[in-house]
Amino acid sequence: MLIPPTHTSRFTLPFPLSPPPFLAMSAAFTSAPPLLFRGASARAAVIPRRSRRARPSRAPRMSARATAPGNALTLHVDAASRRYPILFANAVLHKPETFAPYLTGDKALVVTNTTVAALYLDRVTAALAAAGVAVFVEVLPDGEEFKSLEYAAKIWDACMRHRLDRKSTLVALGGGVIGDITGFAAAAFVRGVPFIQVPTTLLAVVDSSVGGKTAVNHPMGKNMIGAFYQPHAVVVDTDVLATLDDRQLAAGIAEVVKYGIIRDWQFFEWCEANIDRLVARDQAALRYAMVQSCKHKADIVAADERESGVRATLNLGHTFGHAIEACMGYGAWLHGEAVAAGMVMACEMSVRMGWISSDVTQRVERVFARASLPIRPPPSVTLQNFMTYISVDKKVEAGVLRLILLEAPGKAVLTADFPESVLFDTIMHYHQLYKASPGTYEHAMLGLPQ
Ligand SMILES: O=C(O)C(=O)C[C@@H](O)[C@H](O)[C@H](O)COP(=O)(O)O
């Protein structure tokens, strides 16, 4: 039996929680132990806060170093387990020299999806072959719903079939799903083979390809099965963004804006001022956004590779967002879309805690709305659904729920220092908004499944 610390209040929502319909067979949910809440009075901020009404953050000093001539740019990620480059260039996917420095053995397996294969697979396989390795290919279906153990096993089958060995390289050519599942397959195959990230979505460039979080989803929770496993290189060919559809572009913009919200308010203000350029794919604006985002990510990963502290702030909005993704069925909402709505919810909760003014939430909502991102959770995800998925969030420790909230504009904090009522009220706020004005609410969800 779990004995909670004395200052921790027990979670009071009725248990056992009911699973959403598509998980009705899952006994694991119905036997879930209660979450614990520390409550607002306890000493609980995991990353210490200075004062409740802290000032907006100034731009942090970033350590990622940039090298490379001309239009090309190389940043470095100094993770504790591996140092590796993020290469920015254009029109480089067909060039053997793009990959050659990072290939170790005599074989490479390119993992991609059906959409990306049609666009870029030929040039990547040609470049790898010209770099001197035997090249094999595994093409997965496109979508978050395929980021599962079943599809990771297909990658391992391919590794076995083609007799890959410890020096062989896996190449993840695609967006976040392909990067995460391939990285996970690389981490586990013969206990670890080298892999190269070749992100083809904005979200993968600015977020998932950097930092070594690899994983597959479990029906009960997003990214629940995975490993911290850094790539040997991240190759960003900025030309690939030209083929990205508008929805995918917006999903990436959500993660770009996140860096401003969590640690660099000046960058948020730059995003506010330049959101129309980003949406219009202005090359200079996109490049600036990508480089700034990767610098932030590299900086955080260098400080805290395995998320024992500051790295958790990258999870702003993810507790709510992951609940939306899992509850709606993986793939119904894109990750970036769910996280955008989740970030709005986290801001709203921070307002209710009295830590930031409502003006901050409104500004975040305006930027997301201009990028055609949802700023409301779907009404079909009930309070109980939210709590069911939140109960398996990776930031829950010893049964205590911890969230990323804002203590100031540009200053995120990992904290258990909130009463459960504020969390419930925040979630219920959206249900009340929906009831009061379904039409307006639907507009704020932009036609996504409800
Ligand atoms: O790199 C990180 O750390 C992040 O949390 C970045 C997130 O934006 C990303 O979605 C990540 O995959 C989420 O990780 P998880 O641990 O919440 O599953």
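We count ligands from 1, going down the list as the structure has it; atoms in each ligand are counted the same way.
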Legend entry - ligand 1 atoms in contact with Arg311 (distance to a heavy atom under 4.0 Å): 1 (O), 2 (C), 3 (O)
Inset, instruction - Taking atom types as modelled, find out whether Tyr330 and Ser148 have a side-chain donor-acceptor pair closer than 3.5 angstrom. - result: no
Legend entry - Any donor-acceptor N/O pair, His76 side chain to Asp78 backbone, under 3.5 Å: no
Legend entry - Atom of Lys213, atom of Asp180 and distance for their closest heavy-atom approach: O-OD1, 3.6 Å
Legend entry - Protein residue, atom and distance nearest to atom 9 (C) of ligand 1, heavy-atom basis: Asp207 OD2, 3.4 Å
Legend entry - Numbered atoms of ligand 1 (with element) below 4.0 Å of Asn315, judged on heavy atoms: 5 (O), 13 (C), 14 (O), 15 (P), 17 (O)
Inset, instruction - Find all atoms of ligand 1 within a distance of less than 4.0 Å from any non-hydrogen atom belonging to Lys394, and give their numbers and elements. - result: 15 (P), 16 (O), 17 (O), 18 (O)
Legend entry - Residue and atom name of the nearest protein heavy atom (relative to atom 7 (C) of ligand 1), distance in Å to one decimal: His318 NE2, 3.2 Å
Legend entry - Glu305 (side chain) donor-acceptor with Ser81 (main chain) under 3.5 angstrom: yes
Legend entry - Min N/O separation Asp180 to ligand 1 under 3.5 Å: no
Inset, instruction - With heavy atoms of Lys297 as the reference, note each atom of ligand 1 found under 4.0 Å away. - result: 1 (O), 2 (C), 6 (C)
Inset, instruction - Could you tell me whether the side chain of Tyr259 and the main chain of Val206 form a donor-acceptor pair under 3.5 Å? - result: yes
Legend entry - Lys/Arg cation over aromatic Tyr288: Arg277, 6.0 Å, 45° cone: no
Legend entry - Sub-4.0 Å heavy-atom contact, His322 with ligand 1: yes
Legend entry - Contacting atoms of ligand 1, where contact means under 4.0 angstrom from a heavy atom of Lys258: 6 (C), 7 (C), 8 (O)
Legend entry - Proximal ligand 1 atoms for Glu255, defined as those under 4.0 Å from one of its heavy atoms: 8 (O)
Legend entry - Smallest separation among heavy atoms of Thr114 and Val139, with atom names: N-CG1, 3.6 Å
Inset, instruction - Could you tell me which atoms of ligand 1, counted from 1 in the order shown, lie closer than 4.0 angstrom to a heavy atom of Lys213? - result: 1 (O), 2 (C), 3 (O), 4 (C), 5 (O), 14 (O), 15 (P), 16 (O)
Inset, instruction - Using modelled atom types only, decide if a donor and an acceptor are shared between the side chain of Asn90 and the backbone of Asp237 within a distance under 3.5 Å. - result: no
Legend entry - Any N/O pair Asn223/ligand 1 closer than 3.5 Å: yes
Legend entry - Donor-acceptor contact below 3.5 Å, side chain Ser380 vs main chain Gln450: yes
Inset, instruction - If you have a sec, work out which protein heavy atom is nearest atom 10 (O) of ligand 1 and how many Å separate them, to one decimal? - result: His335 NE2, 2.9 Å
